[in-house]
Amino acid sequence: MTAAFIAGFHYLGIMLLTATLLVEWLALRTTITREVLDRLVRIDILYGISAVVILVTGFLRITTAYGKGPVFYMHSMAFHTKVGLFILIGLISIVPTIRFLRWRKAAQANGSLPDAAAVNGTRKLVLVELHILFLLPFLAAIMARGIM
């Protein structure tokens, strides 16, 4: 039963991460106001929480009896590709996170809002994250079937 709950939380983390990225991308398509900046920061915090949930539950599934065990995962090229892409998404996400925090701080300090070019560039980064994330379920299916 514990294994099922850990798997469930892993999937919920993945769904929450996907939802937060989509909400960020949509918010970056609107006019940026102080309220939007506050919302982006809150959504980005949820994004971080979801990433931690995915990492913790994924680690438990790899290293304990709650998954298929380390031998199964360590010999899977699909697993290593999936983890590498997840790390890449995390690294890319650092830039939008820093920008959201800087933008909010500047808006609070002097009322300045980011220019259209900065918002557009950040929206493109979030879209890149979403595109990479799109590949992960296919790699998971390949991995689960022992294809690669």
Side-chain angles (χ1 to χ4, degrees), residues 2-63 66-68 72-73 76-148:
T2 303
F5 279 110
I6 289 172
F9 279 110
H10 191 69
Y11 302 140
L12 285 173
I14 294 165
M15 286 184 264
L16 180 60
L17 185 125
T18 304
T20 57
L21 278 177
L22 185 57
V23 169
E24 285 181 2
W25 181 71
L26 290 171
L28 289 164
R29 294 180 65 200
T30 64
T31 301
I32 301 299
T33 63
R34 287 185 66 175
E35 293 79 22
V36 171
L37 290 176
D38 289 340
R39 187 177 317 123
L40 282 167
V41 169
R42 287 192 308 271
I43 294 299
D44 206 56
I45 289 168
L46 277 176
Y47 171 87
I49 291 168
S50 66
V52 169
V53 168
I54 293 166
L55 289 171
V56 169
T57 56
F59 181 77
L60 289 172
R61 296 183 79 196
I62 294 166
T63 60
Y66 303 128
K68 294 183 178 184
F72 175 82
Y73 295 106
S76 170
M77 182 56 107
F79 169 77
H80 291 288
T81 304
K82 192 172 85 156
V83 170
L85 289 175
F86 187 76
I87 291 168
L88 179 60
I89 291 168
L91 291 172
I92 293 169
S93 77
I94 293 169
V95 175
T97 296
I98 290 170
R99 287 180 183 172
F100 298 156
L101 294 171
R102 284 184 182 163
W103 293 346
R104 186 176 71 167
K105 184 177 180 180
Q108 290 170 341
N110 59 21
S112 67
L113 296 171
D115 63 25
V119 172
N120 189 41
T122 305
R123 185 177 67 238
K124 287 178 182 177
L125 285 174
V126 172
L127 189 58
V128 167
E129 291 179 77
L130 282 165
H131 280 96
I132 296 169
L133 187 63
F134 176 80
L135 299 172
L136 299 188
F138 298 100
L139 288 166
I142 290 167
M143 178 188 70
R145 286 157 181 77
I147 296 171
M148 185 173 109

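- Atoms CG and CG, from L16 and L21 in turn, are 10.0 Å apart once rounded to the nearest 0.5 Å.
- Contact of the V41 side chain with the I45 side chain is registered, since non-hydrogen atoms from C-beta on lie closer than 4.5 Å.
- Qualifying side-chain contact (heavy atoms from CB on, under 4.5 Å) partners for F72, counting only residues two or more places apart in sequence or in other chains: K68, M143.
- No side-chain heavy atom of T81 sits under 4.5 Å from any side-chain heavy atom of I142.
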Evaluate the side-chain contact (heavy atoms from CB on, under 4.5 Å) criterion for residues I92 and V128: first the C-alpha distance (whole Å), next the side-chain angles of each, then the deciding distance (0.1 Å), finally the verdict.
CA-CA 8 Å; I92 293 169; V128 167; 3.9 Å; yes

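- Taking each heavy atom of R61 and Y73 in turn, the nearest pair found is O-CE1, 3.5 Å.
- Annotation: the span from L46 atom CG to L17 atom CG amounts to 10.5 Å, rounded to 0.5 Å.
- Taking CZ from R39 and CZ from R42, the interatomic distance works out to 7.0 Å, rounded to the nearest 0.5 Å.
- V119 is linked by a side-chain contact (heavy atoms from CB on, under 4.5 Å) to L28, I32, W103, P114, counting only residues two or more places apart in sequence or in another chain.
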Stepwise side-chain contact (heavy atoms from CB on, under 4.5 Å) check, L37 with F100
CA-CA 7 Å; L37 290 176; F100 298 156; 5.7 Å; no

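- When every heavy atom of E24 is checked against every heavy atom of I43, the shortest pair comes out as CG-CG2, 3.7 Å.
- The shortest distance between side-chain heavy atoms of L12 and V53 does not fall below 4.5 Å.
- Annotation: ring-ring contact (aromatic ring centres under 6.0 Å, His included) contacts involving residues 110-138, sequence neighbours excluded, comprise F134-F138.
- When all heavy atoms of L85 and L139 are compared, the pair lying nearest together is CD1-CD1, 3.7 Å.
- Across S93 and G90, no two heavy atoms sit closer than the pair OG-O, 2.7 Å.
- Taking the side chain as every heavy atom from C-beta outward, D44 and T20 never approach each other to under 4.5 Å.
- Residues passing the side-chain hydrogen bond (donor to acceptor under 3.5 Å, both in side chains) test with S112, sequence neighbours excluded: N110.
- Atom CG of L88 sits about 11.5 Å away from atom CG of L133, to the nearest 0.5 Å.
- Every side-chain contact (heavy atoms from CB on, under 4.5 Å) that A3 has, sequence neighbours left out, goes to Y66.
- Qualifying side-chain contact (heavy atoms from CB on, under 4.5 Å) partners for V52, counting only residues two or more places apart in sequence or in other chains: V56.
- By the ring pair (Phe, Tyr, Trp, His ring centres under 6.0 Å) test, F9 is found to be paired with no residue, residues two or more places apart in sequence or in another chain being considered.
- S76 is linked by a side-chain hydrogen bond (donor to acceptor under 3.5 Å, both in side chains) to nothing, counting only residues two or more places apart in sequence or in another chain.
- In this structure F86 satisfies the ring pair (Phe, Tyr, Trp, His ring centres under 6.0 Å) test with no other residue, sequence neighbours excluded.
- M15 is not listed as a side-chain neighbour of T18, based on a closest heavy-atom distance of 4.5 Å or more.
- Counting heavy atoms from C-beta on, the side chains of L125 and R99 come closer than 4.5 Å.
- For the atom pair CZ (R29) and CG (L127), the distance works out to 10.0 Å, reported to the nearest 0.5 Å.
- From I54, atom CD1 reaches atom CD1 of I49 across 12.0 Å, with rounding to the nearest 0.5 Å.
- Within the structure, side-chain hydrogen bond (donor to acceptor under 3.5 Å, both in side chains) pairs that include any residue of residues 137-148 do not occur (at least two apart or interchain).
- Residues I98 and R102 meet the side-chain proximity criterion, which asks for heavy atoms closer than 4.5 Å.
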Stepwise side-chain contact (heavy atoms from CB on, under 4.5 Å) test for L136 and I89:
CA-CA 11 Å; L136 299 188; I89 291 168; 4.2 Å; yes

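- Here E129 pairs with Y47 under the side-chain hydrogen bond (donor to acceptor under 3.5 Å, both in side chains) rule; sequence neighbours left out.
- Partners of D38 by side-chain hydrogen bond (donor to acceptor under 3.5 Å, both in side chains), not counting sequence neighbours: none found.
- Looking at heavy atoms from C-beta onward, V95 lies out of side-chain contact with T122 at the 4.5 angstrom threshold.
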